[in-house]
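Quick caveat, the model's predicted, so the values are computed rather than measured.
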Amino acid sequence: MKSLFSRLLLSVSVTVFILIIALWQWFQFSQDFSRNQIQQSLHSELALHMAHINPLLSQGATSDKALKEAFHDFMLLGPSFEIYTLDITGKVIAYDANEDKIKRTSIATAPIDQFISGAELPILGMDPRSTNTNKIFSVAPLVDGSGTQTGYLYVIIGGEDFDMWQSLVNQHQTPLTWGAIIIGAFLFSLTLFVLLLKYFTAPFSRLERDLSGVEIKDLHNNLSLPNDYRGSIEIEQLSHHIDRLLAKVSQQYQAINQQQQARQDFMLHLSHDLKTPLTSLQGYIDTWLLTPPNERSADLIEIAAKSGKQLQQLLGQMLELSALENRQIKPAFKTTDLNSLLDEISQTFTPRAQVQNIQLNFGVNEGASVYTDPHLLRRVLSNLVDNAIRYTPKGGEISITPASPPQSKELQVTDSLWLCVADNGSGIHKHELQALLEMKHKPKFKRDEVLPQLGVGLSIVRQLLSLLDCSIDIMSTPGEGSQFYIALPIKSQ
């Protein structure tokens with residue numbers, strides 16, 4: 001009974017069967033009521049006529065033995081009638097029946113008074129031959145020659161013989177009637193069930209058919225169900241939920257494809273970045289090995305060593321980027337002195353900058369502090385400076401100074417100190433600039449996004465700024481240099 005079909009069939013069958021039983025009971029009650037009303041109305045003056053045509057009754061007699069013979073004659077003419085005389089209080093006096101058949105010796109006079117006063121029929125009165133049965137009757141007052149009421153002539157309509165014959169008929173008819181009711185109820189419930197099932201499941205059938213059609217559609221397009229599904233609030237809500245899920249699936253599919261394409265582009269550029277120092281390292285080592293021992297120069301080994309360090313740095317950055325994307329790094333925010341942090345970065349890059357004759361200009365106002373993770377912010381600025389040194393020619397300058405928000409910035413960032421990392425190098429390449437323009441209006445990036453075509457260093461910067469909840473804006477002019485504007489929070493958000 002776990003299937004929808006079986007549950008609906010059982011529910012409809014039981015409901016229809018109960019309804020038919022209720023209708024049958026109502027029909028029986030209505031039929032009995034109508035029959036009693038008709039019979040009592042037709043025989044309403046029966047007792048009055050009997051009292052009029054019988055000399056004893058017309059004189060007000062209630063207990064004369066001759067009455068039994070008269071009752072017997074009346075009952076032969078009308079076998080369904082039972083005739084009694086009552087005294088003024090309702091006590092049974094005379095009747096044509098064995099003593100053991102009389103179960104009540106007194107009849108309530110209230111229904112008799114209602115009948116005589118002309119109340120609406122049917123009116124049920126007590127049956128002297130039963131202790132718990134009331135039947136329709138006809139009654140007439142008995143009056144003697146002086147005009148004094150001596151009692152009542154009480155006639156039961158549909159007596160004991162009538163009940164016996166009716167019972168025999170019902171015994172034969174009831175099985176047939178109930179069999180017809182059961183078969184009719186089953187056929188009716190089955191028909192009703194099929195019609196209701198077809199009506200209520202029609203939206204589900206359409207929904208199933210449309211979902212089958214959705215399977216062959218291109219996930220690049222915005223998916224949705226082609227029709228509206230009316231019939232019940234549940235099916236409408238279900239279709240709305242499916243529409244939202246399909247739209248979400250389509251969006252996620254497109255996002256996954258974009259991320260996959262971005263990762264492919266990123267890996268292409270990364271492979272190029274790795275290939276350059278690796279090729280240089282292998283080339284200089286091969287050249288050194290092919291050179292005669294007495295002609296080998298230490299310069300070849302030094303250049304190869306630099307290429308090895310560059311390769312090691314790229315591999316370290318890849319591991320760092322992987323840790324960031326896997327959320328293995330958690331920031332520890334605290335108030336940080338910005339000048340101290342910039343001094344540490346300056347000490348780190350000064351030797352390398354002196355070799356390339358690049359001037360470093362790092363500094364902010366005395367006492368300037370920000371609310372950040374100093375270790376992660378140091379890595380952000382170090383990556384930017386390292387990237388700037390690689391693309392800045394000899395005699396160039398790299399600066400980290402306070403700045404006003406760039407004019408191109410459309411997003412409002414309050415309670416922040418703006419820092420500008422600037423250089424006068426070659427600027428950003430065309431493909432990198434296009435990627436930066438796409439993300440220029442995103443001050444905060446989702447950590448699971450892939451930064452396309454920007455190399456490992458800038459990808460790490462983007463991920464770290466997302467962790468630090470910092471905004472960034474980037475400007476670059478090829479051949480003139482680049483400026484990275486970073487908004488650092490002054491206090492806890």
Check the pair Gln39, Ile136 against side chain to side chain contact (heavy atoms under 4.5 Å, CB included), reporting the backbone distance first and the verdict last. CA-CA 8 Å; Gln39 288 187 357; Ile136 57 175; 3.7 Å; yes
Separation between [atom1] of [X] and [atom2] of [Y], rounded to the nearest 0.5 Å:
| X | Y | atom1 | atom2 | value |
| --- | --- | --- | --- | --- |
| Met475 | Tyr485 | CE | OH | 5.5 Å |
| Thr335 | Ile490 | OG1 | CD1 | 11.0 Å |
| Lys334 | Asp373 | NZ | CG | 8.0 Å |
| Arg378 | Thr336 | CZ | OG1 | 9.0 Å |
| Leu376 | Thr372 | CG | OG1 | 7.0 Å |
| Gln37 | Ile123 | CD | CD1 | 10.5 Å |

Which pair of heavy atoms, one from [X] and one from [Y], lies closest together, and at what distance?
| X | Y | answer |
| --- | --- | --- |
| Ser44 | Ser138 | O-OG, 3.1 Å |
| Leu419 | Pro402 | CD1-N, 4.2 Å |
| Met126 | Ser106 | SD-O, 4.1 Å |
| Ile102 | Arg129 | CD1-CG, 4.5 Å |
| Leu417 | Ala368 | CD1-CB, 4.2 Å |
| Leu142 | Leu153 | CG-N, 3.8 Å |

Compare all side-chain heavy atoms of [X] with those of [Y] and state whether any distance is below 4.5 angstrom.
| X | Y | result |
| --- | --- | --- |
| Val143 | Thr150 | no |
| Met50 | Val155 | yes |
| Asp469 | Pro331 | no |
| Glu82 | Tyr84 | yes |
| Ile107 | Pro128 | yes |

Identify, with sequence neighbours excluded, every residue that meets side chain to side chain donor-acceptor pair (under 3.5 Å) alongside [X].
| X | value |
| --- | --- |
| Ser340 | Asp337 |
| Asn132 | Ser130 |
| Thr131 | none |
| Ser404 | none |

Whether Thr148 side chain and Asp144 backbone form a donor-acceptor pair below 3.5 Å: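 No: the side chain of Thr148 does not pair with the backbone of Asp144.
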Ring pair (Phe, Tyr, Trp, His ring centres under 6.0 Å) partners of Phe137, counting only residues at least two apart: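 Phe137 satisfies ring pair (Phe, Tyr, Trp, His ring centres under 6.0 Å) with Phe115, Tyr154 only.
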Can you name the side chain to side chain contact (heavy atoms under 4.5 Å, CB included) partners of Gln149, sequence neighbours left out?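 In terms of side chain to side chain contact (heavy atoms under 4.5 Å, CB included), with neighbours along the sequence ignored, Gln149 is linked to Ile88, Pro141, Tyr152.
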Criterion side chain to side chain contact (heavy atoms under 4.5 Å, CB included) on Ile93 and Leu86, from CA distance to verdict: CA-CA 5 Å; Ile93 299 176; Leu86 312 176; 5.9 Å; no
Worked verdict on Leu377 versus Leu488 for side chain to side chain contact (heavy atoms under 4.5 Å, CB included): CA-CA 9 Å; Leu377 180 59; Leu488 303 174; 3.8 Å; yes
Would Lys135 and Leu124 count as a side chain to side chain contact (heavy atoms under 4.5 Å, CB included) here? Give the steps. CA-CA 5 Å; Lys135 293 184 176 181; Leu124 301 182; 5.6 Å; no
